[in-house]
Amino acid sequence: MKTKILALVLAVVMVLSLAACGGGKDAGGDAEKLTVALVVADKFGDRSFYDSSKAGLDKLAADFGVEPKTIECNGENHATQMRNAADVADVVVCVGWEFYDIETIAPEYPDVKWIWIDNATSAPVENVLNITYAQNEGSFLAGYIAAAMSQSGVIGAVGGEDADTINDFIVGYEQGAQYWAEAHDATIDVMHNYANTYTDPAVGKECAISLNDSGADVIFQIASATGDGVFEAAAEKGFYAIGVDSDQKYINEDVIICSMKKEVGDSIYDAISKLIGGDASLWGTTWVADMSTGYVGIGYGEDGSVQQVPDELKEEVADIAEAIISGTIVVNTTRS
Amino acid sequence: MLEDILSGIFSAGTFNQMLRSATPVALAALGGAMTEHAGIMNIGMDGMILMGAFFGVLGSWYFGSAAAGVALVLVMGVIVGLFFALFTVKFRSDEFIIGTALNTFALGLTSFLSRSIFGTAGTKGNPALPTVHLPFLDAIPFLGRVLNDNSLFIYVTWALVLVMWLFVYRTPYGLWLRASGEKPETLRTAGIAPERMKWLASILCGLLCGLAGAHLSLGQLQGTFAEDMANSRGYIAFACVIFSKADPAMAYVAALMFGFFDAIGLRLQDYISSDLTNTIPYVITIVMMVYVVVRSQRKKRHAGKRLPQRQT
């Protein structure tokens, strides 16, 4: 009997302390500090897409003192995690094309400002800002570089899965390679395969080796942490690789000749700092972060890192980037 | 067209990949065969592989040598095996729940440790296991290219398959192990506690699954760990165990089959949607399970037929 009472008392104390915790958090969020929740579709640690968004959030916390919160969905329960985030935050940033439920959930939380990264609602939602990236434009440049650097005339790409956003990279990459081939009166073969996982570097390695067996000597990875295996295969088999989303040169500067950068973190930072400055005009629209605004482009690593891409080629690439910005070159896309 | 496909499929690269992809599954299946013989349904192999992959890289990173990584994996393998046996044998908890719990726990633990120690969810470029070059294989044209210059553990696995087969079918311990699962009371009558054999099986499973993980992160990859990198290989291994009736040699063959279809699937993506090629391992699993059911049904029917004949 005594133990039962003790257990009951302890249970009550625990419940009360939990309630106290919850209350404390809410009070913190409501006070002038802006709470920004970052919800990522998979998990951090990919050293590219998601980590870039996290860097943007960290910068917001350092510069404006916003209260950062992060939620990793690990590939499931996206809708529930969005609601969890909206319950505690003023701004919810959903990172990943998977958050389709935003169209129905965002109207339920009219006081919360939402940002959807990498995809767009079918119709504008008043409190949702869609940010999509012209990854096809950046990939065009990557394809051009890959074709120019290839000795075999065959280049490859390893995609995470057969999805629109991933294919947007691939069509740009193929077009860029063919653009180089036409300009230089050569033929280029562009191959690709899909790993069907974003967390298994061993599979990424097999995908890259299989492309290399077919002759590809420059391979573009578009597969998050799976892509680590592509870099390993490159080092082992002696071919070049191209990084994605972040400037990944530092991972292995001897084989990664450049990276197709998608400045997810910068775009989140800029959108939210505008909001802090009192300008919420972006919400209710889709903002295509493209090459003209500098959110998409090619990175060659930090100063002093080993360079494989010759300076003349870099200049050509810069000229093509100008042509894409001015509209002289129109890049194919799978974005609707 | 068809020639292109066939030459793509039956290239040395395909069989190289088959060996590489099969080895982690095969090592785990060897471990699973031990617990299966001891009558423990072990679906916790995925978690055990993940632990092996993480602690292999951790040891390799901390001590600066892949051998130290493998040593740490062996220590952790024993601990994980003891932990698994504690619940399934000593406390007689539900094996299914303990297995699931082990998988979830391993994912949480390795993610937590990886982030606290390496700062991100993964690490790479740590000392890895060597590849082995066997000069006498150079003389053989096609097979030589497939079998040569592989990671150390691919050859270790061949030895382990033989050792485990001899252990199970040619030693008294193996006999007791099988008896502990099939006829525990008979074993007890013979003066041997079946629980002890179950403990042993569990520890062996922890060790072998740990090695499977170590091969994944230190052999197949060069000292790389990524969260959730076991990627359901433990479940594929479990399918191999059931298919092979826990015979180590057959389990290895089953793992090779999975590796082969993995490699083919990747090469068929040029012709078939990757969403479909991705389902190949699971289709194979279903085919295997159908075979297992048919096999056991046929046995039952044969037994049933024989019985009335004896009566007459």
Side-chain angles (χ1 to χ4, degrees), chain A residues 40 42-48 50-51 54-55 72 74-75 156 158-163 166-167 189 191-215 223-237 248 250-252 254, chain B residues 4 7-8 11-14 16-18 20-21 23-24 50 53 107-108 111 114-115 118-125 128 131 149 151 215-217 219-233 259 262-270 273-281:
Chain A
V40 301
D42 217 296
K43 58 189 95 180
F44 297 119
D46 61 346
R47 289 185 278 199
S48 74
Y50 301 123
D51 283 0
K54 177 79 164 38
E72 295 164 281
N74 294 328
V158 175
E161 67 188 303
D162 193 353
I166 298 297
N167 288 331
D189 224 353
M191 312 180 65
H192 67 266
N193 54 22
Y194 301 99
N196 283 310
T197 160
Y198 292 99
T199 61
D200 193 337
V203 172
K205 192 171 182 179
E206 295 302 345
C207 286
I209 289 174
S210 146
L211 290 173
N212 183 239
D213 281 347
S214 311
S224 196
T226 296
D228 273 350
V230 176
F231 300 143
E232 266 192 24
E236 218 173 279
K237 301 276 170 185
Q248 295 189 306
Y250 72 96
I251 294 175
N252 187 345
D254 295 322
Chain B
D4 282 357
S7 71
S11 66
T14 307
N16 267 321
Q17 188 188 341
M18 173 184 84
R20 283 192 302 259
S21 300
T23 299
L50 190 59
L107 181 58
S111 299
S114 167
R115 288 179 197 201
F118 300 114
T120 66
T123 175
K124 69 198 310 268
T131 53
D149 294 318
S151 179
H215 171 73
L216 194 60
S217 62
Q220 202 173 355
L221 292 162
Q222 302 296 302
T224 295
F225 177 79
E227 271 182 32
D228 203 9
M229 70 187 288
N231 197 12
S232 303
R233 286 179 177 84
D262 249 9
I264 283 193
L266 196 57
R267 282 158 183 81
L268 281 180
Q269 278 191 17
D270 290 344
S273 159
S274 70
D275 293 328
L276 282 179
T277 59
N278 192 33
T279 62
I280 291 178

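Because only heavy atoms are used, hydrogens play no part in the values below, and waters and symmetry mates are left out as well, while side chains stay in. Worth saying up front: this structure is predicted, and the values here are computed from it rather than measured. Lettering of chains follows the sequences in order, A, B, ..., and the numbering in each one begins at 1.
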Give, for atom [atom1] of [X] and atom [atom2] of [Y], the distance between the pair rounded to the nearest 0.5 Å.
X	Y	atom1	atom2	answer
A/Tyr194	B/Ser273	OH	OG	8.5 Å
A/Thr197	B/Met229	OG1	CE	10.5 Å
B/Glu227	A/Asn74	CD	CG	7.0 Å
A/Asn193	B/Thr277	CG	OG1	9.0 Å

Under a 4.5 Å heavy-atom cut-off, does chain B meet the side chain of A/Asp213, its backbone, both or neither? side chain
Quick one: what part of B/Leu221 sits under 4.5 Å from any heavy atom of chain A, side chain, backbone, both or neither? both
Going by side chain to side chain donor-acceptor pair (under 3.5 Å), name the residues that satisfy it together with A/Ser210, two or more places apart in sequence or in a different chain. none
Crowded around B/Lys124 NZ? As in, over 12 foreign heavy atoms under 6.0 Å? yes
Residue pair B/Ser274 / A/Asp162: nearest heavy atoms and the distance that separates them: OG-CB, 3.5 Å
Could you report the tightest heavy-atom contact between B/Asp270 and A/His192, atom names first, then the distance? OD1-O, 3.9 Å
What residue pairs, at least two apart or across chains, pass salt bridge (charged side-chain N to carboxylate O under 4.0 Å, His left out) with a residue in residues 193-204 of chain A? A/Asp200-B/Arg233
Could you tell me if the side chain of [Y] sits less than 4.5 Å from the side chain of [X], heavy atoms only?
X	Y	value
B/Gln17	A/Ile209	no
A/Cys207	B/Leu266	yes
B/Asp275	A/Asn196	yes
B/Asp228	A/Lys43	yes

B/Asn16, B/Thr14, B/Asn231, B/Leu107: which one forms the most heavy-atom pairs within less than 4.5 Å of chain A? B/Asn231
Could you tell me whether B/Arg20 and A/Glu236 have a side-chain N and a carboxylate O separated by less than 4.0 Å? no
Exactly one candidate in A/Glu232, A/Glu206, A/Lys205 meets side-chain hydrogen bond (donor to acceptor under 3.5 Å, both in side chains) with B/Gln220; the answer is A/Glu206
